[in-house]
Amino acid sequence: MNTGAAWLILFFAGLCEIGWAVGLKYTEGFSRLWPSLATLAAMTASVVLLGWSLKVLPLGTAYAVWTGIGAVGTAILGILLFGESREVARLISIGLIVAGIIGLKLMTK
């Protein structure tokens, strides 16, 4: 696997991270069957894809980017789906996470 493929796999791992984080809200404490199964599938896919990306990418970088994608995506969906705060300081903080992800990507060969 080349570096470009590893980054693409890591991106999809991050999307799955968003999926399971948001999915937790819909499971209602894992008391609803279908949302719970979808959330567990997303959790599994997220970790498996992260593991694949680690064949090529540095551990610290990959983990930070994976959690960053998950955090940013989940925060944005929290705003859009659940009416969470849109305060400027919160949006700036989300932007800083994005800047960190971009910086890690640019610094990794």
Side-chain angles (χ1 to χ4, degrees):
M1 170 185 343
N2 64 38
T3 304
W7 278 105
L8 186 61
I9 288 169
L10 183 60
F11 174 74
F12 284 108
L15 293 181
C16 291
E17 178 86 355
I18 296 166
W20 76 256
V22 173
L24 282 174
K25 184 81 169 168
Y26 292 103
T27 69
E28 296 180 11
F30 288 100
S31 65
R32 297 179 61 212
L33 178 62
W34 295 113
S36 296
L37 291 176
T39 298
L40 290 171
M43 286 177 173
T44 302
S46 181
V47 171
V48 167
L49 292 170
L50 172 63
W52 287 350
S53 75
L54 289 174
K55 291 179 179 181
V56 174
L57 300 175
L59 171 63
T61 298
Y63 186 76
V65 169
W66 178 64
T67 58
I69 292 169
V72 168
T74 302
I76 291 169
L77 287 177
I79 291 167
L80 297 175
L81 298 175
F82 306 115
E84 295 178 1
S85 170
R86 297 172 189 240
E87 290 181 35
V88 172
R90 186 169 194 238
L91 298 176
I92 290 170
S93 297
I94 292 169
L96 290 171
I97 296 170
V98 171
I101 293 169
I102 292 168
L104 287 169
K105 168 65 172 99
L106 293 174
M107 297 280 97
T108 304
K109 297 178 182 187

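- Clustering ILVMFWY residues whenever any of their side-chain heavy atoms sit less than 4.5 angstrom apart, transitively, puts Leu37 in a cluster other than the one holding Tyr26.
- Grouping the Ile, Leu, Val, Met, Phe, Trp and Tyr side chains by contacts below 4.5 angstrom, directly or via other members, places Leu96 apart from Leu106.
- What you find for Met43 and Phe30 is that their closest heavy atoms are CE-CZ, 4.2 Å.
- Under the ring pair (Phe, Tyr, Trp, His ring centres under 6.0 Å) criterion, the residue pairs touching residues 35-74 are Tyr63-Trp66, with sequence neighbours excluded.
- For Ile101 against Gly68, the heavy-atom pair with the smallest separation is CD1-C, 3.4 Å.
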Would you list the atom pairs, donor with acceptor, under 3.5 Å between side chains in residues 8-25 and any protein atom, with sequence neighbours excluded?
| from | atom 1 | to | atom 2 | distance (Å) |
| --- | --- | --- | --- | --- |
| Glu17 | OE1 | Trp20 | NE1 | 2.9 |
| Glu17 | OE1 | Ser46 | OG | 3.2 |

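- Both Leu91 and Leu81 are members of a single hydrophobic cluster when ILVMFWY side chains are connected at heavy-atom separations under 4.5 Å.
- Linking Ile, Leu, Val, Met, Phe, Trp and Tyr whenever their side-chain heavy atoms come within less than 4.5 Å puts Leu80 and Phe82 in one cluster.
- A distance of 11.0 Å separates CG of Leu54 from CG of Leu49, quoted to the nearest 0.5 Å.
- Across all non-hydrogen atoms, the minimal contact from Pro58 to Thr108 is CD-CG2, 3.7 Å.
- Shown here are the side-chain contact (heavy atoms from CB on, under 4.5 Å) partners of Thr44, two or more places apart in sequence or in another chain: Val48.
- Atoms CH2 and NZ, from Trp7 and Lys105 in turn, are 6.0 Å apart once rounded to the nearest 0.5 Å.
- Two different hydrophobic clusters hold Ile102 and Met107 under the rule that ILVMFWY side chains link at heavy-atom gaps under 4.5 Å.
- Residue Ser53 comes nearest to Leu50 through the heavy atom pair OG-O, 2.8 Å, listed as atom of the first residue, atom of the second, then distance.
- Thr74 places no side-chain N or O within 3.5 Å of a backbone atom of Ala71 that could act as its donor or acceptor partner.
- Taking all atoms of both residues into account, the shortest heavy-atom contact from Ile79 to Arg90 is CG1-NH1, 3.3 Å.
- Residues in residues 83-109 take part in no ring pair (Phe, Tyr, Trp, His ring centres under 6.0 Å) pair, two or more places apart or across chains.
- Listed by chain and residue number, Met1, Asn2 satisfy the side-chain contact (heavy atoms from CB on, under 4.5 Å) test with Ala5 (two or more places apart in sequence, or in another chain).
- Sorted by first and then second residue, the ring pair (Phe, Tyr, Trp, His ring centres under 6.0 Å) pairs involving residues 85-109 (not counting sequence neighbours) form an empty list.
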